[in-house]
Each structure stands twice: as structure tokens, then as C-alpha cells.
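First comes the structure, then the notes that go with it.
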Amino acid sequence: MNKTDKTGAVYLVGAGPGDPELITVKGMIRLNGCDTVVYDSLSSDRLLELAPRAEKIFVGKRAGCHSMKQEEINELLVKLGREGRTVVRLKGGDPFVFGRGGEEVQALQKAGIPYEVISGVTSAVAVPASAGIPVTHRAVSRSFHVMTGHTLSEEGTLPPDFPEFARLSGTLVFLMGLGNLHPIVSGLMEAGKPADTPAAVIENGTLPQERFVKGTLKTIEALAEKAGIGTPAIIVVGETARLDMQATVKQPLAGVSVCVTGTPGFTKKLISSLHGLGADGECVCRLGVKSYLDSVAVADAYGKLKEYGWLVFTSANAVRLFFEGLGKYGLDCRSLGHVKIAAVGRGTARELRQYGFLTDYVPERYQVEDLAKGLISAVKPGERLLIPRSSGGSRILNKTLDEAGIPYDDVVLYDVEGQWREKERLEERLKQSRYLTFASGSGVEAFFDGLTEGERKALDGIRVVCIGDVTARALEARGRKADVIAEVFSVPGMTAAILKDLMNPEEEKNGQIISFPGKRKNSEEKEGKDDGNDS
Ligand code: SAH
């Protein structure tokens, strides 16, 4: 249907206070089903990943960029609705708590665009809670009151009803008030609030970077200044700010930021494994596949399939593309009836099974070296090998086969290219993160090929985790030593390596091999459904 033939819908979805897992189930469903997301600066990009098919339109403020005025955002939402789009307007916290969501609804109402507001977890409640402060508590605080601290001193004065607000006995919560902390606390005291009333300031609540200070009306300003508390921040004043109900269950990787690189399948699994342990994992560079199915060398290989005794696959990508090519060149599985198949890794073997093929040889370990050595004894004299793989494939395979006098055709079937995610934020992210992960040599290549001088320098302060020696060697060739090498090529193996590294700070860790006890043989996944060490 032509987009202009129908009216779309706009969903105002509350994104929650920061921790991306605090979005509602309904918000998540709407994100998943929308075709356009309109968003401001979010505390987590992970929310955008919940809308994989959607066009993402940024309308927030970012350093050095023109930010859209509210009226322009309203107009944009109306325009998109008129085009027949299903839009999610993602807003921090709850859309109706100082989010100007009301103005957006009014604009949609006026234009007759269908809309729905999906409430979110507001920072006014969740941020104090994250710092251990309940906004109400039996016999301590029987109400809580949320106020903007932003407009307080627009003319340098407190609003006329401020003294009434100050006289309330419940918990006072100020949003957007950090810049006015001084007039707020002194105004409250002048209006009669005792100087020893508990107070807290919380920065980046519910996020790994969360920091807070707790004191009294008298001390809080100095405490916040000393700690260098910055925005976004919430000020809480009242007896409950004395309480400490912070979580006592600590996730092992809580507060640890990890920059992840690799294929979409692998990064998704690794990030979700890291999140499960409380870490903040984000994909910074994704590996995509560029096919060479049309090349002369590839066409030639398909033309003489009969001549090969073995097909050797070193990645699931290669398997997928190879079978795509079979159809493309007018062939089917019968043309492979005579061929034996070797594969590195479980992910590759699993992919082969999807096409109805078992493997004749899979090395014990999941490295190309082992495949090469194993092939020497498995291949019968005179049998020719076809190795369809990426141009970045390990040369060790060629060297070993050459030395053994085994004939083969090493054909470039695809290449792996790096796709940056928010490159402009990369340097900052690297500086803030504790780990950077690589799951394949091609991942290392793609990453380093695109680095600026500043980004390269930012690597100095980060611990680099590699899957296996081949990946670590690729890293070393780029002038950086691996700090941690996961010996088990899988998501659990890499997660365990990070955990172990974190828990043994006193050990000499450069290049240490970390294994995942008991799981070695059957936990191989490498880059999941995609490329592994030899991508
Ligand atoms: N609609 C949002 C509030 C928007 S106003 C909600 O319901 O949460 C933006 C203000 O919210 C910030 O200036 C800050 O005071 C507060 N805020 C939002 N997220 C925060 C966080 N993670 N930590 C501390 N303050 C936060």
C-alpha cells in the first residue's frame, strides 16, 4: 500500500529512567513493531536495537548540532503519521513527566492522527530507588512531590509557591535541578525546612555510571560539588533520603562496560550474556558480509565441483553463501554426493546440518591449525580440496597443505566488512569502558582499519579480550597485545574469561589463557552462525 493511502499511528513510549531493561513490555512490543523511531539523547542505544527494522530519527541535543525545537518535533510526528507510518516517539522516563509529551499529544489530536501513550518508569521514583531511597515509607513520608528545578531561577528568583512546596512534609523530588542546587537548598531552609533534613543528589541513576551523595540540606551542596556530580541528576529532600535500601544482590559484572565487536549473531549473544551478569555491553563495530559469488574464481569452482574430493568450511558464513551459490549456478545437493566435508567449529557444522549435510571431519579443537593438521591424515592421495572462504582466512591452512603436497583451491567467497555503530561516540565509549572484545581476526582488521589517532589512543586504558590465539595474533599484528585470551571459542567462554579477569586483579594477566572449566569440547560457537577465527 502506498504510504499516503492510510493514516499511521504515533505511540509515545516511555523509555524508562536509564537502565534499558526498565522499559515496559508494552513499550518493547510497540518498538518491535514500528517502522520509525523518533528519539532524543537516550541513556542507552540498546533500546533502539529493539526496533531493528525501523528508521531512526534523532531529534535531541548533541554537542555541536542543531537540536529540533518542540514545535518542529510536533510537526514531524504529524507528518510521519500522515505518511502512514507506525511511529514510536521514545521519551526518557515517563512521557508525561516533564517530557513535553502532552504537547505532542495535542498536536496529534489537532491533526487527527491516532496515538497512544505508553507510560514509562519515571526517573522521579526509580532514580531515588536505585540509590536506596524509597519516595514514601510508612511512618516516615506519606507523600512525595515532584518538581522541576529548571525554571526555578529563570529570573534569578524562586517561584512564588516555593515556600508552600517547602512546607510539605513528604519527600521532595527535583528534576532538572542540579544547576540550581544552591537556590533550591537555601530556599528550602529559608522557608523553614530544618538544615538537618536528609538530602541526596543522584547522577545517572539506574545506569552503570550511577553516582550519588547523601547528606543534609546543609551539607549536600558541598558534597555534590566535591564529588563532581553532573547531569542528569535528581535531588531528593526529606526523611526517606536517610534510608539505605540499595540492592544487596550484586551481579558479578555490575558496573562493567564492555565494547563488543563481531557479527550480528555473535554480538547479540555476547551482549545478552554480559547483561545477564550485570555488565553494560554495547556493540561498537558490527561485521557484515560482502559476497563474491559472482567472481570468476567462484564460478570456476562451481563449474568443476566433480573434481573435488573435499569441501572445507571454516565459517558458517561460508556454508550459507556456498549453498546460495549452488542454486545460483543451477546446481543442487546431488552435485555434492561424492564430496566429503570438513568444518571448523560447531557453528559451522550446525549450519551444514541446516542444509542436510553431516561433516566427515571436525577437528577436536576449533582452530584452523588443527583443521589443517587433521586434514593431512584424513585426505586420501589425489583428492583435491575446495576451500571457499573469506580473503582474510588464515594462511596457516595453505602452508600446511602445501607442505603436505595436498592439492586445493582456496577461493574467496566473501569478505567481512566493519560497520561502525555511532562512530562519533566511539572514542568516548572506549575511554569509559573496561573491556573491548574481538571474536575473529577479521573483526580485528575491520576495527583497526577504521580507527582515528584519538580512538587508537583511547585503547590504552582498555583491556582487550580475544577469542583464541589466531585472533590475538591478528591483534598483535596491529601493535596491541591481548590482555585476555578466551581459550573456549564461545559466548560462555568469552564471558567467563572476562569474569575471571575481573576477579583476579592481582594476577599477571597479559596474554593469559582463560578457559571455561568443563565446557571446552561442547561449548564452541565462535562468532555464532557467522565467521570464527578464520572468517
Ligand atoms: N520524563 C522524564 C523526565 C524528563 S526531565 C522521566 O519521567 O523521568 C529530565 C530530568 O530527569 C533530568 O534533568 C534529571 O533531573 C532527571 N533524570 C532522568 N533520568 C535520570 C537519571 N538516570 N539519573 C538522574 N536523573 C535523571
Side-chain angles (χ1 to χ4, degrees), residues 11-24 26-27 38-47 59-62 67-68 70 73-74 77 88-105 117-135 144-154 165 171-185 199-214 220-221 223-224 227-238 241 246-247 254-255 257 280 432:
Y11 300 97
L12 272 77
V13 174
D19 176 351
E21 284 171 18
L22 285 174
I23 190 169
T24 62
K26 198 165 184 175
V38 177
Y39 69 104
D40 321 274
S41 304
L42 290 170
S43 9
S44 175
D45 298 336
R46 272 166 65 197
L47 288 174
V59 295
K61 284 188 203 122
R62 214 168 255 173
S67 69
M68 253 192 208
Q70 186 61 46
I73 297 173
N74 298 350
L77 294 178
V88 163
R89 166 70 175 120
L90 199 55
K91 300 178 79 74
D94 181 274
F96 279 171
V97 178
F98 302 122
R100 306 190 72 171
E103 290 159 66
E104 292 172 11
V105 168
V117 178
I118 295 162
S119 300
V121 176
T122 180
S123 62
V125 174
V127 166
S130 181
I133 303 170
V135 286
F144 68 98
H145 312 270
V146 184
M147 199 184 204
T148 165
H150 185 60
T151 48
L152 272 183
S153 66
E154 247 171 19
F165 190 72
T171 312
L172 306 181
V173 181
F174 294 89
L175 267 58
M176 302 177 275
L178 188 68
N180 290 319
L181 185 58
H182 177 71
I184 290 172
V185 293
V201 184
I202 308 132
E203 171 194 333
N204 276 316
T206 78
L207 287 162
Q209 314 85 277
E210 175 178 307
R211 298 189 313 140
F212 60 83
V213 286
K214 284 184 179 175
I220 199 70
E221 228 187 307
L223 289 170
I229 297 284
T231 54
I234 277 183
I235 305 163
V236 188
V237 178
Q246 254 199 299
S257 293
D280 179 33
Q432 286 167 356

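Only this structure's heavy atoms are used, side chains among them; waters, hydrogens and symmetry mates stay out. For ligands, and for the atoms within them, numbers begin at 1 and follow the listed sequence. The model shown is predicted, which means the values in this text are computed figures rather than measured ones. Numbering starts at 1 and runs along the sequence shown.
Taking CD1 from Ile133 and CD from Gln246, the interatomic distance works out to 9.0 Å, rounded to the nearest 0.5 Å. Between the CG atom of Leu90 and the CD1 atom of Ile23 there is a distance of 5.5 Å, given to the nearest 0.5 Å. A distance of 4.0 Å separates CG in Leu175 from CD1 in Ile234, rounded to the nearest 0.5 Å. For the atom pair Ile184 CD1 and Ile220 CD1, the distance stands at 12.0 Å (nearest 0.5 Å).
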Show your reasoning for whether side chain to side chain contact (heavy atoms under 4.5 Å, CB included) applies to Phe144 and Val236. CA-CA 10 Å; Phe144 68 98; Val236 188; over 6 Å; no
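The closest approach between any non-hydrogen atom of Ser123 and ligand 1 is below 4.0 Å. Taking 4.0 Å as the cut-off, Asn204 counts as a neighbour of ligand 1 on heavy-atom distance.
Every atom of ligand 1 is numbered from 1 in the order shown, and the set under 4.0 Å from a heavy atom of Ile202 is 24 (C). Proximity to Leu175 (heavy-atom distance under 4.0 Å) selects the following atoms of ligand 1: 3 (C), 11 (O), 15 (O), 16 (C). Listed by number with element, the atoms of ligand 1 under 4.0 Å from a non-hydrogen atom of Met176 are 5 (S), 9 (C), 10 (C), 12 (C), 13 (O), 14 (C), 15 (O). Close approach of ligand 1 to Asp94 (heavy-atom distance below 4.0 Å) involves ligand atoms 1 (N), 6 (C), 7 (O). If you number the atoms of ligand 1 from 1 as listed, the ones under 4.0 Å from a heavy atom of Thr122 come out as 6 (C), 7 (O), 8 (O). Ligand 1 places these atoms under 4.0 Å from at least one heavy atom of Ala233: 14 (C), 15 (O), 24 (C), 25 (N).
Residue Gly92 places at least one N or O, backbone or side chain, under 3.5 Å from an N or O of ligand 1. The shortest N or O to N or O distance between Gly205 and ligand 1 is below 3.5 Å.
Closest to atom 25 (N) of ligand 1 by heavy atom, among Thr148, Val173, Ile234, Thr231, is Ile234. Of the candidates Ser130, Pro17, Pro232, the one placing a heavy atom closest to atom 22 (N) of ligand 1 is Pro17.
Across all non-hydrogen atoms, the minimal contact from Met176 to Thr148 is CE-OG1, 3.5 Å.
Looking at Glu203, its side chain does come within 3.5 Å of a backbone N or O of Gly230 through a donor-acceptor pair.
Contacts between Val127 and ligand 1 below 4.0 angstrom, taking non-hydrogen atoms only, involve the side chain exclusively.
For the side-chain contact (heavy atoms from CB on, under 4.5 Å) with Ser119, the qualifying choice from Asp94, Thr24, Leu12, Val13 is Asp94, the only one to do so. With Asp40 as the fixed residue, the salt bridge (Lys or Arg N to Asp or Glu O under 4.0 Å) test singles out one of Arg100, Lys91, Arg89: Arg89.
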